[in-house]
Amino acid sequence: MQGPEKTGGMNRQFPAWADNYAEAVAIQNSLRNRVMVQPLDLDSVRWLAAADVSFSKKDPRLYAAVLLFSLPDLQLVEVCDQIAEATFPYIPGLLSFREAPALLPLFDRLSQKPDVILVDGQGMAHPRRFGIASHIGVLLDIPTIGCAKSRLVGTFNAVPAVRGQWTELVEDGEVVGRVLCTRDGVKPIFLSVGHRVDLESATELVLKVTQKYRLPEPIRRAHSWVNAMRKGEQKCR
DNA sequence: GCGACAG
DNA sequence: ATCTTGTCGC
């Protein structure tokens, strides 16, 4: 008799996704070339979405939500959420295989197609230039921006704690993102291209939707929403 | 072999 | 990310 199999931490079936590390990496390598880096006309952005996932250390359930905001008023106009079973573990570099399956279905339920999506994680600032923001962007073919709270890869010079200041995030001689200070006196966030945007457009848009706090308002609200879901609260607004 | 390591 | 209590500061 054997105890629980330790095959590397991976779980069972995952239809359109992956069953193991090697397969997941192969999928990333096959999709990475679809990423488009190009300017995004911010004046044409009417609908902006933010996606996030929360979970407990205990149960394997994922609390996922996509919030839709109107611009330039930045008002929350719609929320689509769901509780899904986690079928893939968290592995640095493979975050999308854990969280994206729970988020993608939610976009189909939105009444408006987002002009851009803010994702809590990296875009091209990733070992294979294909973080969760890029993955979601390519699969939906919608512009996406990676907004992470910490670094996955790359080196950078310290950023002055002044709103709007930024330094380049570099890996292997490539500029993979920006370390951006969104508010005076706060730690910077890690911005990177997800899909169909460039760093200039991403920086401008993120600063535009970052008001009183360190994180962009849509990301904050999404984070708050999924956390409330997990705690079984009703305070959503 | 030893660290690093989005969420 | 989550698990946790108080605590320092505007």
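Naming convention: chains lettered A, B, ... in sequence-line order (proteins, then strands); numbering from 1 in each chain. A quick note: this is a predicted structure, and the numbers were derived from the prediction, not measured.
- Following rounding to the nearest Å, Ile136(A) (CD1) and dA6(B) (P) show an atom-to-atom distance of 17 Å.
- dG7(B) atom P lies 11 Å from atom CD1 of Ile189(A), rounded to whole Å.
- Of the side-chain N and O atoms in Arg98(A), none sit less than 4.0 angstrom from OP1 or OP2 of dG7(B).
- The nucleotide whose nearest atom lies closest to any side-chain atom of Ile132(A) is, among dG7(B), dA6(B), dA4(B), dA6(B).
- Note on Asp52(A) versus Arg221(A): no salt bridge recorded, every NZ/NE/NH1/NH2 to OD/OE distance being 4.0 Å or above.
- Nucleotide dA6(B) holds its P atom 13 Å from the CG atom of Leu169(A), rounded to whole Å.
- Across all strands, Lys149(A) comes closer than 4.0 Å only to sugar-phosphate atoms, never to a base (heavy-atom distances).
- Heavy atoms of Gly146(A) sit nowhere under 4.0 angstrom from any nucleic acid atom.
- Counting to the nearest Å, the C1' atom of dA4(B) and the CG atom of Leu94(A) are 15 Å from each other.
- Using cut-offs of 30° and 60° on the angle between ring planes, the pair Phe190(A) and Phe156(A) is perpendicular.
- Taking a cutoff of 4.0 Å between a charged side-chain nitrogen and a carboxylate oxygen, Glu171(A) and Arg151(A) do not qualify as a salt bridge.
- Between the CD atom of Glu171(A) and the C1' atom of dA4(B) there is a distance of 12 Å, given to the nearest Å.
- The outermost nucleotides of DNA chain C lying under 4.0 Å from heavy atoms of chain A, listed 5' to 3', are dA1(C) to dC3(C).
- To the nearest 0.5 Å, atoms CG (Leu67(A)) and CD (Glu78(A)) are separated by 9.5 Å.
- A salt bridge is absent between Asp141(A) and Arg34(A): the closest approach of a Lys/Arg side-chain nitrogen to an acidic carboxylate oxygen does not fall below 4.0 angstrom.
- In this structure, the CD1 atom of Ile91(A) is 13 Å from the C1' atom of dG7(B), given to the nearest Å.
- Under the 30°/60° scheme for interplanar angles, the aromatic rings of His135(A) and Phe130(A) are found to be tilted.
- If you take CZ of Arg61(A) and P of dG7(B), they are 23 Å apart, rounded to a whole angstrom.
- Of the possible polar contacts, one joining the Arg163(A) side chain to the Thr182(A) backbone as a donor-acceptor pair under 3.5 Å is found.
- Straight-line distance from the CZ atom of Phe190(A) to the C1' atom of dA6(B): 10 Å, rounded to whole Å.
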